[in-house]
Amino acid sequence: MLHEILLSLSGHPSPLLRNDYSDPRAQSIISPPERGLLKTAGHISDLHCKLISYTAQISASHPSVICRAVSTAINSLYLAAFQRKVLEVEESILRKDASLVGAYNIVPLTAVIGEFSGWTRRLEWLWDLVQFLDKEKEGLPCRAAQLINKLRDELQTGYADIEETALSLVRVAETAWLKQVSAWVLYGRIPVLGDADFFIQKNEHDEQGYSIDHKLLPSFVTHSTATSMLFIGTSLNRVKTNTSIEPNNTGLNHLSSQLQTLADLTYPLHSTALSRAITSLRLTLSRTTLQKLLPLTRVLEMLNLFRDFFLLGRGEFAMALTQQADEVIRSRWRRADNVAYEKRYGLSNVMVKEGEVSAVLTKTWATLGSMQGQHADEDEGLEVARDMLRLNLSKTKASTPVKGKGSLENQPVSVIANTPFRNLLFSVPVVLTSQIPPPLDLFLSTSDVQIYTSINSYLLSIRRSHLHLTDLWKITSLRRHHPPPPRPPYSTTKGGVARTRVLRERWSARSSAMRSAWSTSSAAIFFLAETEAYLQVEVVAGLWDDFHGWLTGRRETKGQLNRSSPNSNHPSAASTTSAGDAAQTTAHPSKSTDTQTQDSAPHHDPQTLAIAHRLYLRTLSRRLLLTQPSFTDALYELLVHIDHLVAHTHRLHGIWTSMDLEADEGVVDAFSDLGAEERDVRGAIRDIEAQLKSGIEKVVAALRSLSMDSAFMAELEDGDARDMGVDGEDGVGVGVSDDAGVEEETGYRPRRTGGIDRLLMKLDFGGWFNAGKAALGEDGLGDDGF
């Protein structure tokens with residue numbers, strides 16, 4: 001019987017232990033204590049047999065390599081140890097060990113079963129674990145991340161033997177997982193075996209070609225570490241496909257040190273230690289390989305392109321683009337008037353086409369080139385912009401999310417307001433975009449360009465309305481006597497005096513009619529000028545100077561140059577650079593030599609650049625108030641009213657010109673009633689003046705409401721780094737827990753610039769539109785009172 005029990009415990013099923021002994025005859029032979037001992041032995045034998053069968057099946061056919069490794073470890077470590085225990089018990093019985101064999105060679109069944117008492121709980125726990133491995137959830141087998149998370153949770157048990165078992169299996173699982181990670185971070189290859197279980201997957205729809213599946217990511221891996229791994233692997237793939245880098249053994253020389261860095265990790269893996277190791281690998285890759293692939297000069301060249309053309313650092317670009325777009329619109333309507341009687345084209349003759357939009361940008365480049373002069377130096381920035389920038393019709397009207405590779409998990413994603421500023425340039429959605437050359441996509445993404453596009457549409461719309469209003473003052477016939485009175489000697493004659501009287505009465509009447517429009521236009525110009533000065537000088541220029549200083553190592557802090565930042569090394573001689581030289585370099589970065597840049601600039605790896613750049617864009621969007629629909633919607637309505645005022649003013653000027661021709665030269669248009677058109681246009685101008693005044697008041701009220709919004713002001717002042725996060729569901733973004741974490745990781749924290757209160761002090765119209773009525777009464781020139 002003992003032999004049968006030991007065989008059954010070693011994994012061979014036996015009917016002796018599977019019998020419940022409920023038969024009365026059997027109960028008379030075997031006592032209740034013996035039946036309880038046999039039941040315990042049968043339970044242990046059954047667990048052992050099932051573990052042997054299931055682990056063999058999982059090790060042979062499970063799609064997850066890590067689950068196979070854990071299953072094999074269970075079989076090779078614990079089931080083998082249990083079988084050795086069975087052999088030890090059998091050997092003790094055969095040697096007649098006194099601990100098991102009593103007098104007259106009697107072996108108590110209690111002593112035999114007692115030898116296996118410590119295995120019951122462990123085998124039951126292993127059986128639960130094997131069932132977890134074999135169970136399918138939502139039609140999918142067990143994933144490596146689920147297994148690792150479960151094993152790490154089991155470490156919190158109060159049983160020492162279970163904790164020891166879970167710890168050993170955690171080592172096995174994390175070792176297998178780290179081998180998969182090493183293939184990616186050292187060679188840029190997704191593991192061949194178990195690729196469907198690896199948290200980095202190929203994704204043709206992603207601009208990098210790969211994406212992170214957060215469902216396959218173990219809980220101890222932070223978003224920051226996962227994104228660093230993704231960056232390292234994609235960078236290695238870029239290096240392999242890039243032919244501009246000469247092949248050398250630099251990467252192979254550092255391979256042994258990188259392997260040692262991963263080998264020095266202790267199990268169970270700690271988030272901080274793993275993050276530190278991955279950061280070390282990333283910095284090593286950046287110093288040895290990526291610095292040649294993506295030098296700082298290329299980064300500065302691209303960022304200067306965005307600053308000059310998207311953020312309107314070059315005012316002449318915005319002016320030329322606006323002029324060319326207006327010319328296209330005017331030519332479209334003239335062409336529509338010429339074929340008005342043919343009716344063969346309909347609205348298709350008025351709609352702007354893609355080719356015309358592209359031609360506007362081409363004419364803009366030609367205009368900018370002609371401004372340089374014949375003997376001017378070649379403008380490299382203009383040539384780069386000519387190759388990379390595109391003006392396209394936008395086919396989508398979705399809002400632009402601020403996505404990033406950098407910071408703060410579980411924070412809501414700020415979204416740029418979907419106010420259609422892009423519609424103002426051509427009356428159809430048109431956006432300025434840019435291509436991203438292959439080396440630069442290491443730190444730039446399509447979402448970054450979308451943010452730049454939204455900011456460009458926003459700033460360009462304000463600049464366009466400002467230009468249109470100031471151009472009204474160029475219509476001299478609206479502001480002066482036109483045509484002029486006759487000159488002597490005809491002016492002294494009776495006919496000349498009558499002619500002069502008629503012209504003066506005409507001009508006086510028109511001047512009185514336009515006085516309110518000019519006053520309203522002047523107020524709108526003041527509003528746009530102050531708003532644009534605030535946005536361009538205090539916000540855009542301030543943040544750009546600070547970010548450029550961080551890039552080049554010439555960042556000013558409290559009046560002195562700050563040359564200490566993480567991941568940076570500066571020669572001591574560079575500290576003698578004056579603040580004036582730094583400001584000159586910031587204002588004209590393209591004129592600094594490559595030697596100066598390399599000598600003074602710190603070394604930032606591409607991922608640090610990406611995190612800092614997205615933080616810069618996030619801060620810029622927030623400081624420009626682009627994330628506040630209450631402000632952008634009111635501003636958009638105001639800009640539309642300005643367009644209407646400008647259009648009706650030009651229309652009124654055309655009507656008056658036709659009326660002058662009819663009165664003075666006898667040129668009569670039989671198909672138009674100029675008097676009725678004049679009354680309609682003047683009435684429309686009056687209505688638009690009221691809407692324009694109301695629009696300015698709404699924008700100022702929106703600004704004042706934001707200045708009193710404590711949540712928004714707190715976000716504006718203190719949330720620049722904290723809100724640079726993304727939610728974990730999108731899988732875009734990395735995690736640093738607070739502002740200090742972002743600053744520690746990148747060495748960059750945006751400077752506090754601007755302030756709504758400062759803008760409100762300049763825009764505080766108070767009673768501008770009502771002061772005249774209060775002073776002059778209802779019978780005064782109320783519409784002209786500011």
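Note: hydrogens, waters and symmetry copies are ignored here, and every other heavy atom, side chains too, is used. Each residue takes its place number in the sequence, starting with 1.
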Rounded distance [0.5 Å steps], [atom1] in [X] versus [atom2] in [Y]:
X: I44; Y: I113; atom1: CD1; atom2: CD1; result: 6.5 Å
X: D128; Y: E154; atom1: CG; atom2: CD; result: 8.5 Å
X: L285; Y: R287; atom1: CG; atom2: CZ; result: 10.0 Å
X: I611; Y: T227; atom1: CD1; atom2: OG1; result: 8.0 Å
X: D605; Y: L442; atom1: CG; atom2: CG; result: 10.5 Å
X: L169; Y: L77; atom1: CG; atom2: CG; result: 7.5 Å

Please table the atom pairs, donor to acceptor, closer than 3.5 Å between any side-chain atom in residues 63-73 and protein atoms at least two apart or in another chain.
from	atom 1	to	atom 2	distance (Å)
S64	OG	I66	N	3.4
S64	OG	C67	N	3.3
S64	OG	D197	OD2	2.6
R68	NE	H62	O	2.5
R68	NH2	H62	O	3.0
S71	OG	T55	O	2.9
S71	OG	S59	OG	3.0
T72	OG1	S59	OG	3.2
T72	OG1	R68	O	2.8

- [ ] Show your working on side chain to side chain contact (heavy atoms under 4.5 Å, CB included) between D213 and L217 and close with a plain yes or no.
- [x] CA-CA 7 Å; D213 187 349; L217 192 65; over 6 Å; no
Using ring-ring contact (aromatic ring centres under 6.0 Å, His included) as the criterion, list what pairs up with [X], not counting sequence neighbours.
X: W125; answer: none
X: Y54; answer: W127
X: F82; answer: H48, F116, W119

Pairwise side-chain contact, [X] with [Y], heavy-atom cut-off 4.5 Å (strictly under):
X: E174; Y: R152; result: yes
X: L129; Y: I74; result: yes
X: F199; Y: K215; result: no
X: L274; Y: I278; result: yes
X: L47; Y: H43; result: yes
X: L294; Y: F443; result: yes
X: F198; Y: L216; result: no
X: F547; Y: L620; result: no

[X] and [Y]: which non-hydrogen atoms are nearest, and at how many Å?
X: I162; Y: R122; result: CD1-CA, 4.0 Å
X: D546; Y: R751; result: OD2-N, 3.2 Å
X: I232; Y: V185; result: CG2-O, 3.3 Å
X: L133; Y: C142; result: O-CB, 3.5 Å
X: F231; Y: P606; result: CZ-CB, 3.3 Å
X: L236; Y: G188; result: CD1-N, 3.5 Å

Donor-acceptor contact present, side-chain [X] to main-chain [Y], <3.5 Å:
X: D448; Y: L444; value: no
X: S92; Y: E88; value: yes
X: S228; Y: S224; value: yes
X: S117; Y: G114; value: yes
X: R614; Y: A610; value: yes
X: Q180; Y: P191; value: no
X: S275; Y: S271; value: no
X: S286; Y: R282; value: no

Task: T234: side chain to side chain contact (heavy atoms under 4.5 Å, CB included) partners, not counting sequence neighbours - done: W184, Q208, Y210, L230
Open item on the list: Assess the residue pair T225 and T222 against the criterion (side chain to side chain contact (heavy atoms under 4.5 Å, CB included)); give the C-alpha distance rounded to whole Å, side-chain angles, the decisive distance to 0.1 Å, and a yes or no.
Closed with: CA-CA 5 Å; T225 306; T222 63; 2.9 Å; yes
- [ ] Please say whether more than 12 non-hydrogen atoms of neighbouring residues, nucleotides or ligands are located less than 6.0 Å from CG in L79.
- [x] yes
TODO: State whether the number of non-hydrogen atoms from other residues, nucleotides or ligands found under 6.0 Å of K50 atom NZ is greater than 12.
DONE: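 Yes - once you tally the heavy atoms of other residues, nucleotides and ligands closer than 6.0 Å, there are more than 12.
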Task: Any pair counted as ring-ring contact (aromatic ring centres under 6.0 Å, His included), so long as it reaches residues 128-178, sequence neighbours left out - done: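 Output for this query lists W177-F220.
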- [ ] Show your reasoning for whether side chain to side chain contact (heavy atoms under 4.5 Å, CB included) applies to Q258 and L262.
- [x] CA-CA 7 Å; Q258 294 174 354; L262 295 177; over 6 Å; no
TODO: List the steps, then state whether side chain to side chain contact (heavy atoms under 4.5 Å, CB included) holds for R752 with R623.
DONE: CA-CA 9 Å; R752 293 186 178 182; R623 294 296 173 89; 4.2 Å; yes
